[in-house]
Amino acid sequence: MMVDKRHPSPSGQAGRAAVPLYGFQPPVGTPYGLEVSTVEDFFAEHDDWPWNPPRPGRATFHYLIAVTEGELRHDVDHITRTVAPGQWLWVRPGHTQCWHPPGAARGPFILFEPEVLRSDIARLLAPLTAHDAPAVLSPHPDDGAWLQQTALQLLDEHRALGHRPLDVHHALRRSLLEALLLRLANAAGIIPTGAAAAGTGRGDTYGRFVDALELHFRDLHRAADYAELLGCSVRTLSRAAREATGKGVRELIDERRLLEARRLLGNARWDARAVAAHLGFTDPANFGRFFRDRTGMPPAGFAARYDMTGP
């Protein structure tokens with residue numbers, strides 16, 4: 001289901017524990033970047049890994065869990081999410097995730113690589129596949145039964161490997177996955193108003209800003225930098241950000257830098273000086289103030305909280 005691809009340690013971090021990167025590795029014979037199981041089977045098949053002790057990691061693929069019974073607790077980017085029956089957990093590529101000990105949660109567990117989606121479908125799903133989309137989704141009950149049934153149909157088809165020609169089998173699996181994701185993306189209350197109004201791809205101002213931010217948050221730190229990069233005015237960019245998120249451009253930039261700092265300090269075990277340099281702070285003291293003002297603790301204090309989760 002997952003294979004560990006550890007990042008090499010950054011300069012000056014030799015000997016420190018690096019957060020593992022899990023690549024997609026389905027069971028032998030599973031075709032085309034898509035695996036479907038159940039969360040209860042995942043718990044049963046993996047014994048005490050990876051929750052004893054809890055070990056943070058990142059994945060190169062999406063995974064989606066529909067909770068049908070019980071309650072699932074799962075950390076996504078350092079925040080513990082509680083997923084109740086009828087809700088869905090969506091962990092996207094690059095998110096820092098950490099499993100909690102198995103509970104009574106049951107439901108379909110879908111893992112897929114981004115490339116499994118056709119390009120036209122991927123554009124329609126951009127608001128939900130985006131890195132900053134919500135981790136816990138609560139579709140309206142009117143959509144819930146259909147979504148759950150489609151997920152179970154996808155599970156049945158996945159388990160029917162060998163019953164049909166392989167290309168037909170995969171076409172059915174992909175069609176069911178795409179139908180499920182499209183219905184989930186368009187269920188009432190799922191996508192924030194601004195994101196839904198932003199369009200079907202990354203041609204909108206806010207969408208292009210999010211893409212640019214993901215590429216340049218280490219070196220571009222002002223709204224004017226991104227406005228120039230996108231070929232629009234600061235006012236236009238600010239309005240797009242406010243409409244989509246209710247936040248200003250600088251706040252979004254700072255949130256992305258802070259998220260990366262938390263990942264590097266907490267999981268990758270970088271020291272504060274290395275994180276400061278990586279994020280474009282010319283003075284480690286400035287980074288310390290930046291981090292403390294937003295988290296209420298110094299970088300070293302935050303890192304100490306994760307010492308027990310290292311390999």
Side-chain angles (χ1 to χ4, degrees), residues 1-5 22-47 49-51 57-70 72 74 76 83 85-93 95 97 99 102-122 124-125 128-129 133 135-137 139 143-187 190:
M1 190 174 289
M2 303 182 209
V3 60
D4 184 349
K5 297 181 178 180
Y22 297 111
F24 189 79
Q25 185 173 320
V28 174
T30 302
Y32 306 115
L34 170 62
E35 182 184 358
V36 191
S37 181
T38 65
V39 69
E40 58 268 29
D41 284 348
F42 176 75
F43 288 145
E45 292 167 5
H46 289 84
D47 297 324
W49 178 90
W51 42 78
R58 299 195 213 186
T60 63
F61 49 88
H62 295 270
Y63 62 89
L64 189 63
I65 297 173
V67 176
T68 59
E69 299 178 32
L72 178 72
H74 196 78
V76 182
V83 191
Q87 294 183 313
W88 296 65
L89 174 76
W90 193 329
V91 180
R92 297 161 182 87
H95 281 169
Q97 51 80 20
W99 291 86
R106 301 176 66 86
F109 186 8
I110 303 165
L111 307 90
F112 64 96
E113 295 183 289
E115 295 75 17
V116 80
L117 301 174
R118 291 173 293 181
S119 58
D120 57 331
I121 302 298
L124 292 173
L125 292 171
L128 263 193
T129 56
V136 178
L137 305 174
D143 296 293
W146 188 96
L147 290 165
Q148 186 177 126
Q149 186 61 40
T150 304
L152 292 174
Q153 289 175 348
L154 175 57
L155 176 61
D156 286 345
E157 181 58 39
H158 182 79
R159 290 172 170 172
L161 179 64
H163 294 189
R164 281 173 278 281
L166 186 60
D167 55 349
V168 174
H169 171 69
H170 176 56
L172 282 168
R173 290 191 315 147
R174 185 169 65 179
S175 294
L176 285 165
L177 174 67
E178 291 176 342
L180 173 68
L181 298 182
L182 285 168
R183 181 69 174 263
L184 183 59
N186 289 279
I190 288 293

Where does the angle between the aromatic ring planes of H62 and F112 fall among parallel (under 30°), tilted (30 to 60°) and perpendicular (over 60°)?
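Rings of H62 and F112: parallel, under 30°.
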Should the ring pair H158 and H169 be called parallel, tilted or perpendicular, given that the plane angle runs from 0 to 90° and is split at 30 and 60?
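The arrangement is tilted - the two ring planes meet at 30° to 60°.
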Please round to the nearest 0.5 Å and tell me the distance separating atom [atom1] of [X] and atom [atom2] of [Y].
{"X": "L172", "Y": "H170", "atom1": "CG", "atom2": "NE2", "value": "10.5 Å"}
{"X": "E35", "Y": "L155", "atom1": "CD", "atom2": "CG", "value": "10.5 Å"}
{"X": "E157", "Y": "R164", "atom1": "CD", "atom2": "CZ", "value": "4.0 Å"}
{"X": "I110", "Y": "W90", "atom1": "CD1", "atom2": "CH2", "value": "9.5 Å"}
{"X": "F43", "Y": "T38", "atom1": "CZ", "atom2": "OG1", "value": "9.5 Å"}

Give the intermediate values and the outcome of side-chain contact (heavy atoms from CB on, under 4.5 Å) for residues L124 and L182.
CA-CA 8 Å; L124 292 173; L182 285 168; 3.9 Å; yes
Can you name the closest pair of heavy atoms from [X] and [Y] and give their distance?
{"X": "L125", "Y": "L181", "answer": "CD2-O, 3.4 Å"}
{"X": "L154", "Y": "R173", "answer": "CD1-O, 3.4 Å"}
{"X": "W146", "Y": "L180", "answer": "CZ3-CA, 4.3 Å"}
{"X": "L152", "Y": "P108", "answer": "CD2-CG, 3.9 Å"}
{"X": "H95", "Y": "V76", "answer": "ND1-CG1, 3.7 Å"}
{"X": "A185", "Y": "L128", "answer": "CA-CD1, 3.4 Å"}

Hey, is the main chain of [Y] close enough, under 3.5 Å, to the side chain of [X] for a donor-acceptor pair?
{"X": "E113", "Y": "L34", "value": "no"}
{"X": "R159", "Y": "V36", "value": "no"}
{"X": "E178", "Y": "R118", "value": "yes"}

Is any side-chain heavy atom of I65 closer than 4.5 Å to one of V83?
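V83 does not reach I65 side chain to side chain.
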L117 side chain reached by L177 side chain, heavy atoms, under 4.5 Å:
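Side-chain contact under 4.5 Å: yes.
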Check step by step if side-chain contact (heavy atoms from CB on, under 4.5 Å) holds for D143 and L184.
CA-CA 8 Å; D143 296 293; L184 183 59; over 6 Å; no
Between Y63 and H74, does the side-chain contact (heavy atoms from CB on, under 4.5 Å) criterion hold? Intermediate values first, please.
CA-CA 12 Å; Y63 62 89; H74 196 78; 2.7 Å; yes
Tell me, yes or no, whether the heavy-atom count around R106 atom CZ, taken from other residues, nucleotides or ligands under 6.0 Å, exceeds 12.
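No, because the 6.0 Å sphere around CZ of R106 holds 12 heavy atoms or fewer from other groups.
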Take F42 and L111 through the side-chain contact (heavy atoms from CB on, under 4.5 Å) test and state the conclusion after the steps.
CA-CA 12 Å; F42 176 75; L111 307 90; over 6 Å; no
